[in-house]
Number of protein chains: 2
Amino acid sequence: MEDVARLAGVSTATVSRTLRGLPNVSDETRDRVLHAAASLSYVVSPIASRLASGRTHTVGVIVPYAARWFFGQIVAGAESVLREHDLDLLLYNLGDAAARQRFFGQLPLRRRVDAVLVVAMQFSDPEIADLRSLGVPIVAVGHDVPGAGCVRIDDVAAASSAVQHLLGLGHRRIGMISTYADQAMFLPVAHERRRAYLDTLTAAGVPFCEELVMSVPHGLDGGEQAMRRLLALPDPPTAVFAESDELAFGALSALRRTGRHVSVIGFDDHELSALLDLTTVRQRVFEQGVLAAGMLRRAMTVSDWTPEELLMPTTLVLRASTWPVAVRTARTG
Amino acid sequence: MEDVARLAGVSTATVSRTLRGLPNVSDETRDRVLHAAASLSYVVSPIASRLASGRTHTVGVIVPYAARWFFGQIVAGAESVLREHDLDLLLYNLGDAAARQRFFGQLPLRRRVDAVLVVAMQFSDPEIADLRSLGVPIVAVGHDVPGAGCVRIDDVAAASSAVQHLLGLGHRRIGMISTYADQAMFLPVAHERRRAYLDTLTAAGVPFCEELVMSVPHGLDGGEQAMRRLLALPDPPTAVFAESDELAFGALSALRRTGRHVSVIGFDDHELSALLDLTTVRQRVFEQGVLAAGMLRRAMTVSDWTPEELLMPTTLVLRASTWPVAVRTARTG
DNA sequence: TTGTAGGCGTTATCAT
DNA sequence: ATGATAACGCCTACAA
């Protein structure tokens, strides 16, 4: 920077001002500095400027399973807007309990980010306190975090609409494939969707059967396993609501391999759901990442930012994986 | 840090040494420092230490499509090992030509990373020169970059085995779904797999038909579109080799909707391929991310590192989407 | 083994 | 509008 200043015949302070686009620099000086910088192919050291300014220009993004479709969409959405504003995105994947413990043990985000984005993770009170202690704004996607901004859907309403769809088709024995018992990750949506399932059934006067709710690890294999267990019941369900499309895919797989027929509805509208003809509840995932990043930007720039809440709409997408209870019963019975 | 030093009754230099685990600190002093730091809940500022040491402790990861399965796996794999070694992962998604131009225009990685990981992207010579100018080691996943380390499979051999599988089933009119004409991204694997397709057919004495090679945008829609066009030919293929499983999924979709029967083989072994009974060439993607990150670490720590080349094995996975040419012909003909 | 002091490359606060 | 100069918080010879 000194070299540039010398070449332009100004002080380093002026160079700094110019390069940051601050207003109080004369046009003529600005040109000289810009030319000098260009001819020396000089770029400011982001690290030094971060140290001096105290702003890291970085957003920490915490996800439970980086490799999964949902989280990939969120991250890509957030990345697109952060990048546009020259903000760095630091990815933390807390896939297992060990990673999570390490994360909260040493809190590597300290002094390292200007804001945090957490995606579909539920935290304990001490963990939330830890996050808060970072002293930076927090935005959550997919669920509420006390004191944080939030971009999400109405999980209860959406899950309820899924169950109602099945009820409307005449199903009464309706199973659910959930991940609510996954202690390691504790996905909050698991609990909300399960609750919606229970409440909706109850409201419809359908008796609750404990054995119809399977909790499995998330993913294809989990879904397959859950459906196999449901099929093995003395009185198996005629329809199943899966917490996510990926679980539903697994369920479909089990059905195909066993030749059985059960209506299945998923949740997300994964890009492959159309191909598999899966009825599901669509949410716009990439866009939620975009909106969350926008909210973060606001939180970082506006001085008196207060947590915002954004509710995204969902839609029921009807396909061939669900049908009236009478149909298959007649056909197979 | 001064506070810690004072509390422990030592100098800041000793605190620094202790906290970084350098050897020449007496056990007793170390304890005092550690306690002092803990009681003040002090953590070093990574930014300051980066400025002082000149090492950024950060790896830049460049991908063309962050939201896609393949890239998600790679990133997650790399993240897992980088995180373990306290290295930050800075994600750059060059999804479109604009993002790419901006990236190479301002080269935001300058002075910001100690190493770079590029995933399945082909660069022009000036672009490679730009990357080289960063002065840090580079590792590529999925293809060669001159002067960079490399983790990949033998694309030509793997693609060839796919085509040979079809030939072995008696197919002679074999189509291909490719993305080779995608100028924006220029995925190198597209060209290698297409070449393998051509060479393998030629070696088998099968005449080359230009109209049997479709180039489409990557993804489900692309695959569907390509298959529709292939089906519309006067003399459609009896089998198709798709450059990736996602393209193959699209092809399957088209087949299902049209009720036609064509053998399809994909490439990758996407996690949903088993569900769709797609014959494919399996490669271990997550693991390639892990290995690439390991290589990067070596490159950053060893002073005289020279680019390594790692070749990962692939396997042909036989499923129900391919069958002998005679079967369906007889059945449908 | 430990302490001293200069430097890393900016930004920010004063003056001017 | 511009310049001088002290931070920013740590690392690293070098000296002790």
Side-chain angles (χ1 to χ4, degrees), chain A residues 1-37 40-58 86 88 106 108-114 134-135 300 303, chain B residues 1-37 40-58 86 88 108-114 134-135 300-301 303:
Chain A
M1 190 175 229
E2 272 184 357
D3 298 345
V4 176
R6 205 174 306 128
L7 207 165
V10 297
S11 71
T12 61
T14 302
V15 174
S16 175
R17 281 190 281 258
T18 303
L19 263 30
R20 279 181 297 155
L22 295 190
N24 35 359
V25 176
S26 76
D27 289 359
E28 189 241 351
T29 309
R30 177 182 313 279
D31 278 0
R32 277 217 314 283
V33 171
L34 258 28
H35 274 111
L40 296 172
S41 77
Y42 161 88
V43 284
V44 303
S45 155
I47 292 180
S49 77
R50 283 165 191 196
L51 176 59
S53 71
R55 318 199 64 247
T56 67
H57 247 65
T58 302
D86 281 312
D88 286 344
Q106 48 197 54
L109 253 37
R110 271 184 296 192
R111 314 234 223 159
R112 189 169 298 192
V113 295
D114 291 337
L134 295 173
M300 295 167 62
S303 59
Chain B
M1 190 176 230
E2 273 185 357
D3 299 344
V4 176
R6 205 173 306 127
L7 208 166
V10 297
S11 72
T12 61
T14 303
V15 174
S16 174
R17 284 191 276 260
T18 304
L19 264 30
R20 278 181 298 152
L22 295 192
N24 37 356
V25 177
S26 76
D27 289 359
E28 190 241 351
T29 309
R30 175 184 313 280
D31 279 1
R32 278 217 315 283
V33 172
L34 257 28
H35 274 111
L40 294 173
S41 78
Y42 163 85
V43 283
V44 304
S45 156
I47 292 178
S49 68
R50 285 165 190 195
L51 177 58
S53 70
R55 320 197 64 246
T56 66
H57 247 66
T58 302
D86 282 312
D88 287 343
L109 253 36
R110 270 184 296 192
R111 311 234 221 160
R112 187 167 300 192
V113 294
D114 290 338
L134 295 172
M300 295 167 64
T301 48
S303 58

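Hydrogens, waters and symmetry mates are skipped; everything else that's a heavy atom, side chains included, is used. All chains are named by letter (A, B, ...) in the order of the sequence lines, taking the proteins before the strands, and each is independently numbered beginning at 1.
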**Message:** Return whichever of B:V44 or A:S26 has its heavy-atom-nearest nucleotide of DNA chain D closer to the 5' end.
**Reply:** A:S26
**Prompt:** Does any non-hydrogen side-chain atom of A:R6 lie less than 4.5 Å from one of A:D3?
**Reply:** yes
**Asked** Starting at CG of B:L19 and ending at C1' of D:dT12, how long is that distance when rounded to a whole Å?
**Response** 16 Å
**Asked** Counting distance only, does the side-chain N/O of B:R17 pair as donor-acceptor with the main-chain N or O of B:V25 below 3.5 Å?
**Response** no
**Request:** Count the heavy atoms of every other residue, nucleotide or ligand shown that sit under 6.0 Å from CG of B:D27, and state whether that count exceeds 12.
**Result:** no
**Request:** State the CG-OG1 distance between B:L19 and B:T12, to the nearest 0.5 angstrom.
**Result:** 11.5 Å
**Complete:** Separation of C:dT11 atom P from A:H57 atom NE2, nearest Å, is 10 Å
**Asked** Is a side-chain N or O of A:T56 found less than 3.5 angstrom from the main chain of A:D114, in a donor-acceptor match?
**Response** yes
**Item:** Overall bend - the helix from C:dT1-D:dA16 to C:dT16-D:dA1, comparing terminal axes fitted on five pairs, nearest 10 degrees
**Value:** 30°
**Request:** Please determine if a side-chain N or O atom of B:T29 lies less than 4.0 Å away from the OP1 or OP2 oxygen of C:dT2.
**Result:** yes
**Item:** d(CZ, B:R20; P, D:dG9) in whole Å
**Value:** 17 Å
**Prompt:** Which ones in residues 46-55 of chain B lie close to DNA chain D, meaning a heavy atom under 4.0 Å from one of its atoms?
**Reply:** B:A48, B:S49, B:A52, B:S53
**Request:** Rounded to the nearest angstrom, tell me the gap between atom CG in B:L22 and atom C1' in D:dC10.
**Result:** 13 Å
**Prompt:** Contacts to DNA chain C from residues 7-16 of chain A, heavy-atom cutoff under 4.0 Å, which residues?
**Reply:** A:A13, A:S16
**Asked** More 5' along DNA chain C: B:R17 or B:R111, using each one's nearest nucleotide?
**Response** B:R17
**Nucleotide C:dG3, atom P - distance to CE of B:M1 in whole Å** = 13 Å
**Asked** Of all the nucleotides listed (C:dT10, D:dC10, C:dT1), which has the minimum atom distance to the side chain of B:S45?
**Response** D:dC10
